[in-house]
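Written out below as structure tokens is the structure these notes cover.
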Amino acid sequence: MLGYPCMNHTLRERDPPLRCNRDMRKATFAERGLPYASELALQNVEDLHEILAWNADHGIRFYRCTSTLVPWNSQFDLTDLPDYEAIRAVAERCGELIEREGMRLTFHPDYWCRLASDSADTRANSVEAVEYHADWLDLIGLDRSPYYGINVHIGATYGDKAATAERFRDAVDTLSPGARARLTVENDDKESLWSVPELVDALSGTGVPVLFDYHHHAFTDRGLTYREAFDLATETWGDVRPATHYSESARLHGADARPQAHAEFPGRVPTWLRERSDVMIEADGKEQAVFGVRDNY
DNA sequence: TCATGTCAAGCGCTG
DNA sequence: CAGCGCTTGACATGA
């Protein structure tokens with residue numbers, strides 16, 4: 001399966017727009033509080049259902065939802081929301097659609113989610129973030145499996161990789177069963193950070209799978225080919241079909257961009273990657289980029 | 001309605 | 001050493 005993250009450009013441009021990333025600023029949350037958070041969450045979940053339905057109609061069965069599905073969820077429990085029952089009902093319909101259509105849904109908490117941080121506050125916020133993503137997956141009614149994953153980066157070294165790996169494993173141990181069972185960890189896009197072999201080593205014994213990002217591997221290859229790194233990561237998934245990320249550098253497409261920047265429309269996903277994993281196409285072209293890649297076969 | 005500046009949260013790195 | 005970029009856009013204000 002091929003998929004795309006977050007926004008669907010086609011549906012975003014409708015009037016009214018369909019999107020599941022309605023958010024608000026701190027001052028607005030302070031002013032309007034739970035009722036407005038509830039209203040936004042309900043609209044977001046309703047639109048998530050429409051996006052999933054559109055995806056199914058267009059043969060796209062893999063989707064990553066944004067982390068603003070329930071805005072400000074770090075500040076309350078889902079059950080505190082005035083519209084909780086309505087939200088739950090729509091979430092269940094999303095789950096039924098996903099089951100019926102054989103779809104795959106994942107999440108990717110924001111950049112500040114740093115489970116191995118050397119700051120206890122940052123670690124606590126990060127654990128909390130993984131937990132509320134797990135609450136959403138429970139609400140939708142999806143299995144507690146990395147198949148419906150919550151994907152994070154370690155994303156830093158704090159000057160000591162061994163100590164960072166240990167803090168990461170400790171954080172994993174503090175997660176609830178539902179959060180822990182869904183966690184996946186992706187290789188970073190900076191030479192100094194976490195490569196596939198380093199993650200495999202750091203996570204050995206935890207059961208947490210390594211999510212292989214093809215483009216990022218170029219920055220942390222450690223002498224391994226793409227296929228070697230993918231094979232290494234795939235072993236960590238056990239019986240679960242791996243999820244992977246694919247993108248191409250914008251530079252390959254002539255842009256004067258930093259090497260890490262994504263091309264708007266990547267060309268062709270390697271056949272071996274498509275055959276052996278579900279591939280999230282990370283590109284500004286979003287759903288159109290999936291169509292473009294599909295047309296190249 | 002639209003343009004513009006700003007926005008909760010962490011990091012490493014660049015200019 | 002400030003600001004950028006990530007997995008990236010949207011909110012809020014004022015004309």
Side-chain angles (χ1 to χ4, degrees), chain A residues 3-9 11-13 15-33 36-37 39-40 43-44 47 62-76 106-133 149-161 164 167-168 171 184-194 211-216 219-220 243-247 249-250 255 257-264 279-286 289:
Chain A
Y4 66 95
C6 306
M7 194 169 63
N8 178 310
H9 283 144
L11 298 177
R12 178 71 180 81
E13 283 157 20
D15 188 20
L18 285 179
R19 61 198 186 98
C20 52
N21 62 347
R22 293 174 186 81
D23 199 358
M24 65 182 135
R25 298 204 177 161
K26 188 177 186 178
T28 307
F29 182 59
E31 192 181 317
R32 304 183 63 177
Y36 190 49
E39 185 184 325
L40 293 181
Q43 291 179 47
N44 282 340
D47 283 3
F62 189 19
Y63 180 67
R64 180 167 86 222
C65 181
T66 78
S67 291
T68 44
L69 183 67
V70 181
W72 290 89
N73 200 171
S74 61
Q75 305 301 307
F76 51 82
T106 61
F107 286 98
H108 196 346
D110 289 311
Y111 55 79
W112 48 263
C113 182
R114 289 288 172 263
L115 287 167
S117 177
D118 52 5
S119 146
D121 281 352
T122 301
R123 284 199 303 277
N125 288 340
S126 302
V127 166
E128 184 59 33
V130 176
E131 292 292 346
Y132 65 72
H133 284 82
I150 301 168
N151 181 53
V152 301
H153 290 263
I154 296 184
T157 65
Y158 313 90
D160 184 340
K161 275 190 173 164
T164 299
R167 279 197 305 275
F168 191 86
T184 66
V185 184
E186 175 182 349
N187 51 316
D188 287 303
D189 70 352
K190 288 193 181 77
E191 197 280 334
S192 64
L193 299 186
W194 295 86
L211 188 149
F212 172 70
D213 183 300
Y214 183 98
H215 181 45
H216 292 177
F219 303 94
T220 53
T244 58
H245 292 174
Y246 184 82
S247 57
S249 173
R258 51 199 284 280
Q260 283 90 345
H262 293 165
E264 188 173 5
V279 186
M280 181 68 54
I281 306 294
E282 295 188 319
D284 290 344
K286 302 296 182 193

Report task. Quick one: closest heavy-atom pair of A:F29 and A:A37, and the distance? Result -> CE1-CB, 4.2 Å
Expressed as a whole number of Å, how far does the [atom1] atom of [N] sit from that of [M]?
{"N": "C:dT8", "M": "B:dC7", "atom1": "P", "value": "23 Å"}
{"N": "C:dG3", "M": "B:dT6", "atom1": "P", "value": "12 Å"}
{"N": "C:dC1", "M": "B:dA8", "atom1": "P", "value": "27 Å"}
{"N": "B:dA3", "M": "C:dC6", "atom1": "P", "value": "24 Å"}
{"N": "B:dC11", "M": "C:dA10", "atom1": "C1'", "value": "23 Å"}

Going by atom types alone, do [X] and [Y] pair a side-chain donor with an acceptor below 3.5 Å?
{"X": "A:H216", "Y": "A:N187", "result": "no"}
{"X": "A:H215", "Y": "A:S249", "result": "no"}
{"X": "A:S126", "Y": "A:R123", "result": "no"}

Classify the nucleic acid contact of [X] as base, sugar-phosphate or nothing, counting any heavy atom under 4.0 Å across all strands shown.
{"X": "A:D23", "result": "sugar-phosphate"}
{"X": "A:R123", "result": "nothing"}
{"X": "A:E282", "result": "sugar-phosphate"}
{"X": "A:N151", "result": "nothing"}
{"X": "A:H216", "result": "sugar-phosphate"}

For [X] and [N], what is the distance between atoms [atom1] and [atom2] respectively, to the nearest whole Å?
{"X": "A:N73", "N": "B:dA8", "atom1": "CG", "atom2": "P", "answer": "17 Å"}
{"X": "A:N44", "N": "C:dG9", "atom1": "CG", "atom2": "P", "answer": "15 Å"}
{"X": "A:R22", "N": "C:dA10", "atom1": "CZ", "atom2": "C1'", "answer": "12 Å"}
{"X": "A:E13", "N": "C:dG9", "atom1": "CD", "atom2": "P", "answer": "12 Å"}
{"X": "A:D284", "N": "C:dA10", "atom1": "CG", "atom2": "C1'", "answer": "15 Å"}
{"X": "A:D110", "N": "C:dG5", "atom1": "CG", "atom2": "P", "answer": "17 Å"}
{"X": "A:W72", "N": "B:dA9", "atom1": "CH2", "atom2": "C1'", "answer": "9 Å"}
{"X": "A:H153", "N": "C:dG5", "atom1": "NE2", "atom2": "P", "answer": "17 Å"}

In the structure I gave you, are the side-chain heavy atoms of [X] and [Y] within less than 4.5 Å of one another anywhere?
{"X": "A:I154", "Y": "A:L115", "result": "no"}
{"X": "A:H108", "Y": "A:H153", "result": "yes"}
{"X": "A:W194", "Y": "A:E186", "result": "no"}

Query raised in the report: Can A:F29 be called stacked on B:dA8 when the rule is centres closer than 5.5 Å and an angle between planes below 30°?
Result: no
Query raised in the report: Testing A:Y4, A:Y214, A:F212 for ring-ring contact (aromatic ring centres under 6.0 Å, His included) with A:Y246, which one passes?
Result: A:Y214
Query raised in the report: Side-chain donor or acceptor of A:S74 under 3.5 Å from a matching atom on the base of B:dA8?
Result: yes
Query raised in the report: Hey, does the side chain of A:R12 come within less than 4.0 Å of C:dG9's phosphate (OP1/OP2), counting only N and O?
Result: no
Query raised in the report: If only side-chain N and O atoms of A:N21 are considered, is one of them under 4.0 Å from the OP1 or OP2 phosphate oxygen of C:dA10?
Result: yes
Requested in this report: Please assess A:T106 against A:N151 for the test side chain to side chain contact (heavy atoms under 4.5 Å, CB included), listing each intermediate value before the final yes or no.
Outcome: CA-CA 8 Å; A:T106 61; A:N151 181 53; over 6 Å; no
Query raised in the report: With a cut-off of under 6.0 Å to the ring centre and 45° to the axis, is A:R114 in cation-pi contact with A:Y158?
Result: no
Query raised in the report: Reading nucleotides 10-15 of chain B from the 5' end, what letters show protein touch, with B for base, S for backbone sugar-phosphate only, - for no heavy atom under 4.0 Å?
Result: BSSS--
Query raised in the report: Does the side chain to side chain contact (heavy atoms under 4.5 Å, CB included) test come out yes or no for A:R22 and A:D47, once each step is laid out?
Result: CA-CA 10 Å; A:R22 293 174 186 81; A:D47 283 3; 2.8 Å; yes
Query raised in the report: Mapping A:P5 and A:M24 onto DNA chain C by nearest heavy atom, which one lands closer to the 5' end?
Result: A:P5
Report task. Please work out the stems of DNA chain B from pairs that are Watson-Crick or G-U wobble with both distances under 3.5 Å, keeping only runs of three or more consecutive pairs. Result -> B:1-7 with C:9-15, B:10-15 with C:1-6
